[in-house]
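Comments concern the structure below.
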Amino acid sequence: MSIISIALTVYDLREQSVKLHRLVESHNSITVSVFGRKAGVQELESRFLVPGDLLILTGNKVQMPCDAILIDGSCVVDEGMLTGESIPVTKTPLPKMDSSVPWKTQSEADYKRHVLFCGTEVIQAKAACSGTVKAVVLQTGFNTAKGDLVRSILYPKPMNFKLYRDAIRFLLCLVGTATIGMIYTLCVFVLSGEPPEEVVKKALDVITIAVPPALPAALTTGIIYAQRRLKKRGIFCISPQRINVCGQLNLVCFDKTGTLTRDGLDLWGVVPCDGNGFQEVHSFASGRALPWGPLCAAMASCHSLILLDGTIQGDPLDLKMFEATSWEMAISGDNFHIKGLPAYAMVVKPCKTVSQVPVEGIAILHQFPFSSALQRMTVIVQEMGGDRLAFMKGAPERVASFCQPETIPTSFVSELQIYTTQGFRVIGLAYKKLEMDHHTTALMRDQVESDLMFLGLLILENRLKEETKPVLEELISARIRTVMITGDNLQTAITVARKSGMVSGNQKVILIEANETPGSSSASVSWKLVEEKKHMAYRNQQDNYINIREDISDNSREGSYHFALSGKSFQVISQHFSSLLPKILINGTIFARMSPGQKSSLVEEFQKLDYFVGMCGDGANDCGALKMAHVGISLSEQEASVASPFTSKTPNIECVPHLIKEGRAALVTSFCMFKYMALYSMIQYIGVLLLYWETNSLSNYQFLFQDLAITTLIGVTMNLNGAYPKLVPFRPAGRLISPPLLLSVIFNILLSLAMHIVGFILVQRQPWYSMEMHSACTMRNETISKLTVSPTALEKNGSNGDFPSFENTTIWFLGTINCIIVALVFSKGKPFRQPTYRNYIFVLVLAIQLGVCLFILFADFPDLYRRLDLLCTPALWRVYIIIMLSSNFIVSLIVE
Ligand SMILES: Nc1ncnc2c1ncn2[C@@H]1O[C@H](COP(=O)(O)OP(=O)(O)OP(=O)(O)O)[C@@H](O)[C@H]1O
């Protein structure tokens, strides 16, 4: 058995390490072109790359073998492995600067948009004027992004989960018990004059009995089964220990776009604006094309879409916007020249059916790609036969902040609110004309993004995914808090929270706004009920106490209000009102306009309040929060990403309750196994110590039967219960050393102890006890009373050495069947696992084991008895054994 189990473990480990090795090795054998100082461009195997090498990227698809910083040309990359998001990401070259400032500092807020990460796939490399795409190797091997993934698989973040610490403490208790047993054994055997080697052997035996070596393994089997079940549901896990933590979650944060709402947002319309204000909405449902103008040009060109194998790919928002223009996309050839140089730029052209467009097309010369932290993107374009322009698209408030104030309509805020309160996703657009003689790549971002003219608003529908509402209802009814953390507009987020049921109809939303007072170090917080627009304010010099009861006195039910705040307010409150923050977080449900950094610090703040936090997200902007949370679930096509320990292939939040259910089941399974293992070893311990009193013990076959035929089979099958399909409104205990669990174990130990002692003493009081061993069972009940006790009858003359005795037989039957009883009593079904009777294999195993034990107890097969070193007892005594066991079962069941 040991050899089989070792072989299986080695095979499993080997398979995993081969898989990991392949993952690591795959980037070592890629052929890359490197610019050598002497030999010019040469082909090289990627394993020979060192930091500082100059990589030349050809147009072909290539897996990045290292982290490299792009210095010339641009690339489109699939960063799924890194972020879990498979939308192509555009990488731009590091701006050229004549300064000694470190490159990370040079490249503003988001240096990652210049870095090609190891393990990601370069889908397209586009050369700039110099004709080649160049990147400098930054890091290789373990230090790369892919190295990070491998490291997180090899050395998962240590979980501060008390279960494992408790398990060690419990083991130490068992070691203490074993020591007491050893001392007792030494005393008994030394006093009875046993040879020293026998005394040592027996004393060491006690340790192996009292401390079950399979205990740590037993704790993990539940996790392994749960991991398999999750895999079948398309949920992959790179850190299985976290499955137990899933069972403890009591707060789950959700990203909005792509997680709660659909990714492919439908473009509802645009609201153009002129100098005077907003014009009428142009609806796309009518099929009317948008008239030519800067707004149309912005929609056609302000995006990061790419042409891949003839299809246009990229951010779903960009795609919808571009599709609405009915323009086409192409790559410019030699026919398009800027200052005499062919620019292999992306060109968008009006399709034939779109008439009255005075330009032949628009070439996208340079991009400042979208970044969540900046909430905007900008492009520099050249109208073919027209002007050079810059277009910006992003969060409306953000875009407006870069525009000339006179170009922003006075009704900007109210117009924005009209759409956001209806739950639309709103994007702002702006533009400006650029001087023709500027070289586009030499232009700094802040030069381009200034003095813009506001163009209008893009209104996108923001529909909930079908699964969102039922899943949130399920979580809320299970008393698991749900929180939305989004980069989108606050009002849109509130509306989506209401629609999704995160905030129910009768609950109120209190908007919290915090601002730093310009020119001073103080700040103020104000709050208002969203529906009533009732406004109150206070400054941090005063008492910073919000009287919520006063506000909603008509509704005193706990949790009948939710706080909503923006990333900026969250930042200010964290800085200036840190004592207020926990109070806000306790009821904070909607967090909008959150940057990726703020998302992860919010998760951290929740953790500080002792919440077990889950985070479910789909995009690159959630990576930090996914990593920070106790349980990060990334909705992604990838099986493993550095982004989070769990990835779900099903692109909706259904995976969250599944994971919690499986986590709870795994946790309960661990506890059941733990209790069972503890009890099984204690039953053997009690039995053996009692027998030691008579300088007897259990024989090898008796041990083997209990260990293999009973405990091993139970250990393997007891964990097979699946998760209970319903989430109940409470969590399983998260600690082993908790009163219910300890009491249950202690009570059952005492019960077994009592039963064993009763059996041990009673058997010695039986009239047939002093008889010739093998003739006791042939005695008829009426003759038993006439028997006289003969002291010599106790001589042990069994066929297998010293073991057979009536005490041994009684203790063995009591112990063995007690192990089966304990397994049944400890196997917990509802409310966290499927009922025990649904674990058919386990029930069958228990039934067979019980059947075999009863058969051995009542059958009179001398051969079998001799093998197992048992003695035949009168039928009445066998019935007594059953009565003792049944009473034990009933009491234990009632107490459990
Ligand atoms: N492709 C894009 N181009 C320009 N602006 C965008 C683009 N995508 C999103 N935005 C704007 O930037 C804001 C922040 O985007 P971010 O990706 O951080 O969050 P989100 O997609 O709105 O929501 P969530 O965090 O729920 O996924 C958006 O609300 C939107 O106004």
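All values derive from a computational prediction rather than experimental measurement. Both counts, for ligands and for their atoms, begin at 1 and track the order of listing. Positions are given from 1, in the same order as the sequence printed here.
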Check: Going through the checks in order, is the ring-ring contact (aromatic ring centres under 6.0 Å, His included) test met by Phe412 and Phe454?
Finding: CA-CA 10 Å; Phe412 174 78; Phe454 194 74; 5.5 Å; yes
Note to self: Using modelled atom types and a 3.5 Å cut-off, is there a donor and acceptor pairing between side-chain atoms of Lys393 and backbone atoms of Arg376?
What the structure shows: no
Check: Hey, is Thr259 touching ligand 1 through its side chain, its backbone, both or neither, going by heavy atoms under 4.0 Å?
Finding: neither
Margin query: Starting from atom 23 (O) of ligand 1, what is the nearest protein heavy atom, named by residue and atom, and what distance separates them?
Written below: Thr257 OG1, 2.9 Å
Notebook entry, point to check: Is the Trp327 to Phe322 ring centre distance short of 6.0 Å?
Noted result: no
Notebook entry, point to check: Passes side chain to side chain donor-acceptor pair (under 3.5 Å), Arg481 versus Tyr611? Steps please.
Noted result: CA-CA 10 Å; Arg481 270 189 69 187; Tyr611 278 109; 3.0 Å; yes
Next item on the list: Looking only at protein heavy atoms, identify the closest one to atom 6 (C) of ligand 1 and say how far it is in Å.
Entry: Phe370 CE1, 3.2 Å
Next item on the list: Give a yes/no on ligand 1: does Lys599 have at least one heavy atom closer than 4.0 angstrom to it?
Entry: yes
Checklist line | Check: Met453 main-chain N/O paired with Thr407 side-chain donor or acceptor under 3.5 Å | finding: no
Margin query: If the cut-off is 4.0 Å to any non-hydrogen atom of Asp315, which atoms of ligand 1 fall inside it?
Written below: 1 (N)
Note to self: Under 4.0 Å, counting heavy atoms only: does Gly258 come that close to any atom of ligand 1?
What the structure shows: no
Next item on the list: Could you list the atoms of ligand 1 found under 4.0 angstrom from a heavy atom of Thr486?
Entry: 23 (O), 24 (P), 25 (O), 26 (O)
Margin query: Quick test: of every protein heavy atom, which one is nearest to atom 24 (P) of ligand 1, and how far off is it to 0.1 Å?
Written below: Asp255 OD1, 2.7 Å
Next item on the list: List every atom of ligand 1 that sits less than 4.0 Å from any heavy atom of Lys256, numbering the atoms from 1 in the order shown and giving each element.
Entry: 26 (O)
Item checked: Any donor-acceptor N/O pair, Lys91 side chain to Val115 backbone, under 3.5 Å -> yes
Checklist line | Where ligand 1 meets Asp488 - atom numbers and elements under 4.0 angstrom, heavy-atom basis | finding: 22 (O), 23 (O), 29 (O)
Next item on the list: Give the single entry among Lys393, Met392, His303, Arg398 that approaches atom 4 (C) of ligand 1 most closely by any heavy atom.
Entry: Lys393
Next item on the list: Spell out, as yes or no, whether a donor-acceptor pair under 3.5 Å connects the side chain of Arg262 to the backbone of Arg463.
Entry: no
Note to self: Could you tell me, atom by atom, which parts of ligand 1 come under 4.0 Å of a heavy atom of Ala395?
What the structure shows: 11 (C), 31 (O)
Notebook entry, point to check: Do any N or O atoms from the side chain of His562 and from the backbone of Val509 form a donor-acceptor pair under 3.5 angstrom?
Noted result: no
Check: Of all the heavy atoms in Arg593, does at least one lie under 4.0 Å from an atom in ligand 1?
Finding: yes
Check: Closest non-hydrogen protein atom to atom 22 (O) of ligand 1, residue and atom name please, with distance?
Finding: Arg425 NH1, 2.6 Å
Note to self: Treating Gln422 as the side-chain partner and Ile418 as the backbone partner, does any N or O pair qualify as donor plus acceptor under 3.5 Å?
What the structure shows: yes
Checklist line | Test side chain to side chain donor-acceptor pair (under 3.5 Å) applied to Thr261 and Thr468, Thr486, Asp255, Asn462, the passing residue | finding: Asn462
Next item on the list: Would you mind running through ligand 1 and noting each atom that sits below 4.0 Å from a heavy atom of Ser372?
Entry: 16 (P), 17 (O), 18 (O)
Next item on the list: Counting heavy atoms only, name the option from Thr261, Ile427, Asn621 that's nearest to atom 18 (O) of ligand 1.
Entry: Asn621
Notebook entry, point to check: Heavy atoms, side chains only, cut-off 4.5 Å: are His303 and Met329 in contact?
Noted result: yes
Item checked: Protein heavy atom at shortest distance from atom 14 (C) of ligand 1 -> Gly487 O, 3.4 Å
